[in-house]
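Below is one structure; the comments refer to it alone.
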Amino acid sequence: MDEGLSDAVRKVFVALYKKGYIYRGQRMINWCPAAKSALSDEEVIYRDVPGKFYYFRYPLAEGEGALIVATTRPETMFGDTAVAVHPDDERYNKLIGKFVKLPLTDRLIPIVGDIHADPTKGTGCVKITPGHDPNDFEVGKRHNLEVINIMNNDGTLNDLCPADFVGLDRFVARDLCVRKLTEQGLVEKIEDITHSVGYSERGGVPIETLVSSQWFCKMDELAKPAIEAVKSGKIKFYPERWTKTYFHWMENIQDWCISRQLWWGHRIPAWYNDENGEVYVGEEPPAAPGKWRQEEDVLDTWVSSWLWPFSIMGWPEQTGELKKFYPTNDLVTGPDIIFFWVARMIMAGCEFEGTIPFRNVYFTSIIRDEKGRKLSKSLGNSPDPLDVIAEYGADALRFSIVYIAPVGMDIRYNNEKCEIGRNFANKLWNACRFRQMQGGVSADFEHLPEGLSCDEKWMISKLDAAISGIEEELEKFRFHAAAHALYDLVWSDFCDWFVEAEKLPMRSGGADRERALAVLDYALFRILKLLHPFMPFITEELAHRMGFVEEGKSIMYTAWPEADDAASFDPAECALADGKFELVRIGRFLRSSYNIPDGKKLDFHIKAAGKTEFDALVTQRESLKLLLNAENIEISLEAFDSAAHGAAPSQPGAMGVISLPLAGLIDVAAELARLEKQLKDINGWIASAKGKLANERFVKNAPPQVVADARSGLADLEVRKTRTEELISALKG
RNA sequence: GGGCGAUUAGCUCAGUUGGUUAGAGCGUUUGCUUUACACGCAAAAUGUCGGGGGUUCGAGUCCCUCAUCGCCCACCA
């Protein structure tokens, strides 16, 4: 309602009027008796509700007999101006031109022949109420029937109805109608049915269709360039399938009823001259002499909204903002307002600015309750975001929603889902707290130090991979995938593995400690930047607390990270970290299998797969001890000496076999069973891999990389098989 | 009537152009007061990917069909 936007609305109205697109006319429209206003088609919500199907006798004017008509709206009979039968319907067509008596009135109405009457439906006779039914209105036009509006604007019957009905609410009148007809023996039967009834979106009451004088905007010409914009790909929808909905509506677009009988809104810039009947439309009131009266109707709210992409930037002035920001890149909105808003903005942009208003339209999920119902005030099933924020935090709410929102599908939401984000925020907070407890931030946290360990290179590769992945997902508007990538990066890679592994160099002190802290800082700051769009508050706070961002500045102005660190790394070093972590996982599994508390220090034995692995693993002995909470780890090229120390639960990994000596506590039978099950699985996989590779068509048709992967996979399986067999025979002694 | 979508672990859902043994969170079970975090740590179990058919060397992924659920549009005397 700002002055600038009012100017834009007036200008557009006048332009479309002069072009002949906006016109005033008597047409069948949707009427809301609660709001006492006209509505557009889009504001009518259809609901299936129980109702009744009434069969009434309309007596013939001459002679005996009656025509039986069926209706769901008995009270509209006072607007009946004919009964129609199909011209070819031999049961009735000889009656065409004759009359029936309209019950409860003294009117005679004609029997007309019209194809609208379907002989196969109901009785084949249909009452025609041109004032209250769109189809009947068309029939009325064809037969020159009178249009009688029997209703006041609040849904009560008006004085065109019999005296005892005047002023009655339409539903009260319906009952009275049926009662009176029953008394007169004119009710043939009444059936219970479920039928679709149009409700006013805002008023919540059944709408009336009636003929009224309203302002309309002709849409078909406006739609053409807007259809083309999406067809040609100048505007893209994400997900793309919504274009179908868009095209279907646009290609069948109806004139838009834009006038509303409300007191709040942009007033229509039209004036009537009561002396000579002239109509004046203009941005300014008429200067010509005479008695002018401005139209009291206001415009549908979307008449200002469809101008939004340019009206908010000063249009019709060609402001600097407009030149810079129009068209914009992305519109983010819900698919439920494709017709109301998106389609109309595209039409308005093409018409008034000569070009599309935006290039991408991202349709969000619609949040529903646990039962799948849309959130609504009347159902009271909408959580108050402020309550949710108070309980879980604003970032937790935001992150959780992004994390759980699938592309293009609705979300079944409940507050508990915010625990994902709350726990994640807490995890991040604690990771930073841990770093802070080690002392102040490194001098150069923007660059990596020299001489990275394999764990550090592993972490940086993970970070690089995450950056690339996140960029790719964001490009494709796959926000949930980006959120998942970040969640895994922070929780699994950074906290579970990297921070735990870095405790070793940190405890060593000296240069190792300095380097470790510098890498932690480097990685953490990048993580905070990547997370900032998803969790703006906590990342800003942490960036300041950590000392990454100066007082008075914001993380949002720091450069987005580039994925360019790991390219120069020796892949073998990352593989060493991976192999080590795998052995740690297996060692922990063995510990857990025997219910040994994590806190108890243990000895492990690792038989390296070969000399290379042996040399590499020896460098990681202290790291393995820390991660496995081991007292001692023997790394050897020899198998664990079960003859000397008793059998030990063991399992192979890529870099070697790890054993947990238990000095007689081993449950040999259980170990054998476990290993034999593994052997069976391995043999199954080997058989399937071999079968596949023996299939000429696979080798011939599959991409070379897939075949190569299958070959190396088979080789790995063979190695695991051998090692597992060795373990089994060792156990058997 | 037309269109769109969904159906994957007990629950809520990921799974991008078909490619090894289908994943996550919650829940469940076991063990943990391991000095960042119990809103946590370490581990474990659970799936004939709605049914049927087809294409393919290979299908959760593509095609057809059926079933159930949801949404949109149109119609409904």
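Naming: A, B, ... by sequence-line order, numbering from 1 per chain. Computed from heavy atoms alone, side chains included, the values below leave out hydrogens, waters and symmetry copies.
Checking A/Val699 against A/Gly713, the closest nucleotide of RNA chain B that is more toward the 5' end is the one next to A/Gly713. Nearest-nucleotide positions on RNA chain B for A/Cys432 and A/Asn701 put A/Cys432 closer to the 5' end.
No donor-acceptor contact under 3.5 Å links the side chain of A/Glu500 to the base of B/rA42.
Side chain of A/Phe698, nearest nucleotide from B/rG19, B/rG31, B/rC39: B/rG19. Here the nucleotide nearest the side chain of A/Leu717, chosen from B/rA43, B/rC57, B/rU21, is B/rU21. Taking only side-chain atoms of A/Trp685, from C-beta outward, the nucleotide of B/rU21, B/rC37, B/rC41 with the closest atom is B/rU21. Comparing B/rG19, B/rC39, B/rU21 by their nearest atom to the side chain of A/Ser688 picks out B/rU21. Taking every side-chain heavy atom of A/Met437 into account, B/rA36 is the closest of B/rA36, B/rC39, B/rC57. The nucleotide whose nearest atom lies closest to any side-chain atom of A/Phe339 is, among B/rA14, B/rC72, B/rA43, B/rC72. When each of B/rC41, B/rG19, B/rC13 is scored by its nearest atom to the side-chain atoms of A/Arg412, the top-ranked nucleotide is B/rC13. Among the nucleotides B/rA74, B/rG31, B/rA44, the one closest to the side chain of A/Tyr46 is B/rA74. Listed nucleotides B/rA14, B/rA36, B/rA74 differ in distance to A/His480; the shortest reach to its side chain belongs to B/rA14. Considering only side-chain atoms of A/Lys427, the nucleotide from B/rG40, B/rC72, B/rU12 that sits closest is B/rG40.
B/rA45 atom P lies 14 Å from atom CG of A/Asn595, rounded to whole Å. For A/Leu714 and B/rG19, the CG to C1' distance is 16 Å, given to the nearest whole Å. In this structure, A/Tyr487 places its OH atom 14 Å from C1' of B/rG23, rounding to the nearest Å. Rounded to whole angstrom, the span from the CG atom of A/Leu626 across to the C1' atom of B/rA36 amounts to 14 Å. Rounded to whole angstrom, the span from the CZ atom of A/Phe247 across to the C1' atom of B/rG2 amounts to 18 Å. Following rounding to the nearest Å, A/Glu251 (CD) and B/rG2 (C1') show an atom-to-atom distance of 14 Å. To the nearest angstrom, P of B/rU33 lies 14 Å from NZ of A/Lys600. Note: CD (A/Glu416) to P (B/rU12) measures 14 Å, nearest angstrom.
Within the 4.0 Å cut-off from OP1 or OP2 of B/rA44, not a single side-chain nitrogen or oxygen of A/Arg585 is found. Using a 4.0 Å cut-off, some side-chain N or O of A/Lys503 falls inside it from OP1 or OP2 of B/rA36. At least one side-chain nitrogen or oxygen of A/Trp491 sits closer than 4.0 Å to the OP1 or OP2 atom of B/rC41. In this model, the phosphate group of B/rA43 is approached by a side-chain N or O of A/Arg588 to a distance below 4.0 Å at OP1 or OP2.
Contacts of A/Ser593 with the nucleic acid, taken as non-hydrogen atoms under 4.0 Å apart, are absent. When heavy atoms are screened at a 4.0 angstrom cut-off, A/Asn695 is found touching the sugar-phosphate backbone but no base atom. Across all strands, A/Asp496 comes closer than 4.0 Å only to sugar-phosphate atoms, never to a base (heavy-atom distances). A/Ala689 comes within 4.0 angstrom of no nucleic acid atom, judged by non-hydrogen atoms across all strands. Base engagement by A/Ser196 is indicated by at least one non-hydrogen atom pair under 4.0 Å involving a base atom.
Considering every non-hydrogen atom in both A/Gly421 and A/Phe399, the closest pair reads CA-CD2, 4.1 Å. Of all non-hydrogen atoms in A/Pro130 and A/Leu145, the two that sit nearest each other are CG-CB, 4.3 Å.
The partner of B/rG70, taking Watson-Crick or G-U wobble pairs whose two distances both stay under 3.5 Å, is B/rC4. Checking B/rU55 for Watson-Crick or G-U wobble geometry (two distances, each under 3.5 Å) identifies no partner in any strand. The partner of B/rA45, taking Watson-Crick or G-U wobble pairs whose two distances both stay under 3.5 Å, does not exist in any strand shown. Nucleotide B/rG23 has B/rC13 as its partner under the Watson-Crick or G-U criteria, with both atom distances under 3.5 Å.
Between A/Phe363 and A/Phe237, the ring planes lie perpendicular to each other; the angle is over 60°, past the 30° to 60° tilted range.
Comparing the C1' positions of B/rG25 and B/rG40 gives an interatomic distance of 15 Å, to the nearest angstrom. With both ends at atom C1', the span from B/rU28 to B/rU12 equals 16 Å, rounded to whole Å. Between the C1' atoms of B/rC26 and B/rA38, the separation comes to 16 Å (whole Å). For the P atoms, the distance from B/rC11 to B/rG19 is 27 Å, rounded to whole Å. Rounded to the nearest Å, the gap between the P atom of B/rG50 and that of B/rA6 is 12 Å. A gap of 15 Å separates the P atoms of B/rA9 and B/rG60, to the nearest Å. Here, B/rG27 and B/rA44 have their C1' atoms 14 Å apart, quoted to the whole Å. Rounded to whole Å, the separation between the C1' atoms of B/rU8 and B/rC49 comes to 4 Å.
Formation of a donor-acceptor pair under 3.5 Å by the A/Asn430 side chain with backbone atoms of A/Arg433 is not found in this model.
Each of A/Lys680, A/Arg674, A/Glu676 was scored for a side-chain contact (heavy atoms from CB on, under 4.5 Å) with A/Gln678, with one residue passing: A/Arg674.
Using a 3.5 Å distance cut-off with no hydrogens or angles, the side chains of A/Tyr199 and A/Glu43 do not pair a donor with an acceptor.
Note on A/Glu718 versus A/Arg720: no salt bridge recorded, every NZ/NE/NH1/NH2 to OD/OE distance being 4.0 Å or above. Between A/Glu631 and A/Lys600 no salt bridge is recorded (no basic side-chain N to carboxylate O distance below 4.0 Å).
For A/Tyr58 and A/Phe56, the gap between ring centers reaches or exceeds 6.0 Å.
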